[in-house]
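Below is one structure, written out as structure tokens; the observations come after it.
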Amino acid sequence: MPTLKGNGDRQMTTETYDVDLFVIGAGSGGVRAARIAAGYGARVKVAEEYRIGGTCVIRGCVPKKLFVYAARFPQEFKDAAGFGWTVGEPTFDWSTLIANKDVEIDRLENAYRSNLEKTGAEIVPQRATIEGPHEVRLADGTLVTARYILVATGGRPNLGLDIPGRNLGITSNEAFHLKTLPERIIIQGAGYIALEFAGLFAALGSKVTVVHRGKGLLRDFDDEVADRLCTAMSGHGVTFEFGVTIDAIDQTGEGKQVRLNDGRVLCADEVMLAIGRVPNTVGVGLETAGVALDMAGAIAVDKNSRTNIPSIYAVGDVTNRVNLTPVAIREGHAFADTVFGDNPWVVDHSLVPTAVFTEPEIGVVGLTEQQARAQGYRLDIYKADFRSLKATLSGSKERFFMKLLVDQPTQRVLGVHFMGDGAAEMIQMVGIALTVGATKADFDRTIALHPSTAEELVTLRVKHSSSDKPAEVARVAV
Ligand SMILES: Cc1cc2nc3c(=O)[nH]c(=O)nc-3n(C[C@H](O)[C@H](O)[C@H](O)COP(=O)(O)OP(=O)(O)OC[C@H]3O[C@@H](n4cnc5c(N)ncnc54)[C@H](O)[C@@H]3O)c2cc1C
């Protein structure tokens with residue numbers, strides 16, 4: 001009888017259970033875990049109730065980025081004039097964008113499906129529910145026993161309070177399938193999803209109002225970057241209503257009316273609720289198996305993504321660690337290597353490059369200034385704020401902002417923040433430097449690539465500010 005390698009609680013033969021691994025959810029984390037585990041010879045089943053690829057591929061990162069590309073053309077058309085181009089009056093057809101996006105998403109889903117199947121994993125196209133530490137019930141009633149269960153059910157939009165007319169609002173899920181481009185849209189929220197949609201709808205021609213109960217954007221980002229983004233997006237025509245919430249949504253003959261808690265009424269064709277996401281833990285059978293949740297309702301896991309039930313693991317958004325695709329993929333990979341490949345490793349969540357595909361774009365890796373200060377670091381701060389070479393001829397008012405946070409005693413770079421054209425692509429490379437612990441001196445001795453926007457990063461000489469204040473809080477390593 002074959003026996004799999006692994007550090008599991010029970011070194012049982014593979015014949016004891018129907019499968020070695022049952023994955024619930026074929027999104028970023030689940031697919032990676034299933035493929036790697038199957039590659040080690042594990043017998044794997046993956047249940048998916050919707051479409052293979054999960055949020056990222058079907059209704060997240062990928063379609064969103066395709067929309068962002070579409071939304072950047074109007075500015076390109078304008079910029080072209082300064083370089084001698086005459087561009088006729090551009091027209092835009094929303095339904096062409098939706099149709100072409102759908103074709104690409106279908107192609108990707110098929111690629112995910114065939115790559116998964118090539119590894120030998122079996123896709124079960126239905127909802128699955130846990131019935132015990134080793135038991136999963138499929139929607140058709142079949143019971144499958146598994147040596148290990150991996151919960152990779154992701155997250156879903158938070159709909160907030162059950163206000164009157166909430167069902168009249170859409171979420172990001174529906175935004176990818178709107179029949180027409182809304183002339184006016186109200187977006188509730190100030191996180192990256194709300195702002196990316198605000199930016200792209202505005203660029204495509206919608207009148208956009210962002211409603212947010214707080215005072216600023218992007219809570220977990222550097223305050224200075226978030227403030228600059230607010231100014232820049234306002235300059236692109238997005239209206240921000242801070243310090244208010246939506247009390248009710250009403251349907252009228254002319255569209256939707258939003259009643260704000262300060263008594264005002266706003267009108268729009270669509271209302272989008274983008275006030276965060278919640279882990280998909282409801283109806284998964286977690287309580288039946290005794291799987292513990294944390295205070296936020298996410299599955300509580302240890303550094304190996306193991307729950308309190310030794311045979312049940314969880315990865316990705318359902319664990320609410322860092323809710324991004326590459327993180328879910330890493331967690332799924334680490335799980336499969338550790339449990340099935342006899343190659344244990346853990347994911348480092350401390351340095352995750354992140355982008356916000358707004359206009360202007362943001363790219364970030366490492367600590368924000370407020371996080372660094374709260375952790376007691378003494379900082380040297382370097383900043384640059386300039387017009388890129390392209391803007392000289394295009395006449396665009398867009399600027400590029402960069403901010404470098406350096407730990408004063410060690411000169412290690414703790415955080416890099418970019419805002420402007422190409423910020424996302426650049427920050428991925430900077431992530432490598434920070435991962436290997438680069439110091440300011442390492443940045444300085446790197447030869448610039450000229451002419452480029454990124455060269456400013458290695459030519460920052462003058463300290464914008466430094467803080468000699470001793471640490472008030474115990475330093476936490478990044
Ligand atoms: C609009 C939007 C934009 C985003 N943009 C980015 C971005 O630019 N970059 C980035 O890194 N991340 C982005 N994200 C986040 C990213 O999509 C998620 O972090 C990632 O998809 C999480 O992967 P996952 O495997 O945890 O879950 P998911 O990809 O959500 O997969 C979970 C799967 O489980 C299935 N499922 C749930 N319950 C069951 C069940 N009981 N039985 C069977 N199947 C079930 C679901 O149908 C789903 O397919 C974005 C998200 C959204 C919503």
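Indexing begins at 1, ligand by ligand and atom by atom, following the structure's order. In this chain, residues are counted from 1 in sequence order.
One option in Arg321, Glu48, Arg59, Arg156 has a heavy atom closer to atom 35 (C) of ligand 1 than any other, and that option is Glu48. Nearest to atom 27 (O) of ligand 1 by heavy-atom distance, out of Pro125, Ala424, Gly154, is Gly154. Among Val23, Val356, Asp317, the residue whose heavy atom lies closest to atom 18 (C) of ligand 1 is Asp317.
Only the side chain of Arg277 comes within 4.0 Å of ligand 1, judged by heavy-atom distances. Counting heavy atoms under 4.0 Å from ligand 1, residue Ile193 touches it through the side chain alone. Counting heavy atoms closer than 4.0 Å to ligand 1, residue Cys61 contributes atoms from both its backbone and its side chain. The part of Lys64 lying near ligand 1 is the side chain, judged by heavy-atom distances below 4.0 Å.
In terms of polar-atom proximity, defined here as any N/O pair under 3.5 Å, Ser172 makes no such contact with ligand 1. The shortest N/O to N/O separation between Val284 and ligand 1 does not fall below 3.5 Å. In terms of N/O distances under 3.5 Å, ligand 1 is not approached by Asn280.
Looking only at atom types and distance, the side chain of Ser114 has no donor-acceptor partner in the side chain of Glu117 under 3.5 Å away. Between the side chains of Asp79 and Ser396, no donor-acceptor pair of N or O atoms lies under 3.5 Å. Remark: the Thr171 side chain and the Arg277 side chain contain no N/O donor-acceptor pair separated by less than 3.5 Å.
Checked options Val430, Thr453, Val365; the residue passing with Phe418 is Val430 (criterion: side-chain contact (heavy atoms from CB on, under 4.5 Å)).
For atom 21 (O) of ligand 1, the closest heavy atom belonging to the protein is Cys56 N, 3.4 Å. Scanning the protein for heavy atoms near atom 31 (O) of ligand 1, the closest one is Gly27 CA, 3.3 Å. Among protein heavy atoms, the minimum distance from atom 41 (N) of ligand 1 is reached at Ala128 O, 3.0 Å. Looking from atom 2 (C) of ligand 1 to the surrounding protein, the closest heavy atom is Gly60 CA, 3.5 Å. The protein atom (non-hydrogen) at minimum distance from atom 43 (C) of ligand 1 is Glu49 N, 3.4 Å. Looking only at protein heavy atoms, the nearest one to atom 25 (O) of ligand 1 is Gly29 N, 2.8 Å. Scanning the protein for heavy atoms near atom 30 (O) of ligand 1, the closest one is Thr55 OG1, 2.5 Å.
The aromatic rings of Tyr313 and Tyr148 sit perpendicular, their planes meeting at an angle over 60°, well past the 30° parallel limit.
Under the 4.0 Å criterion applied to side-chain N and carboxylate O atoms, Arg156 and Asp317 are not assigned as salt-bridge partners.
A cation-pi arrangement, defined by a distance under 6.0 Å to the six-membered ring centre and an angle within 45 degrees of its axis, is present between Arg228 and Phe401.
Ligand 1 has Gln126 within reach: a non-hydrogen atom of the residue lies less than 4.0 Å from it.
Among residue pairs with one or both ends in residues 184-197, those qualifying as salt bridge (charged side-chain N to carboxylate O under 4.0 Å, His left out) are Lys64-Glu196, Arg184-Asp269; sequence neighbours excluded.
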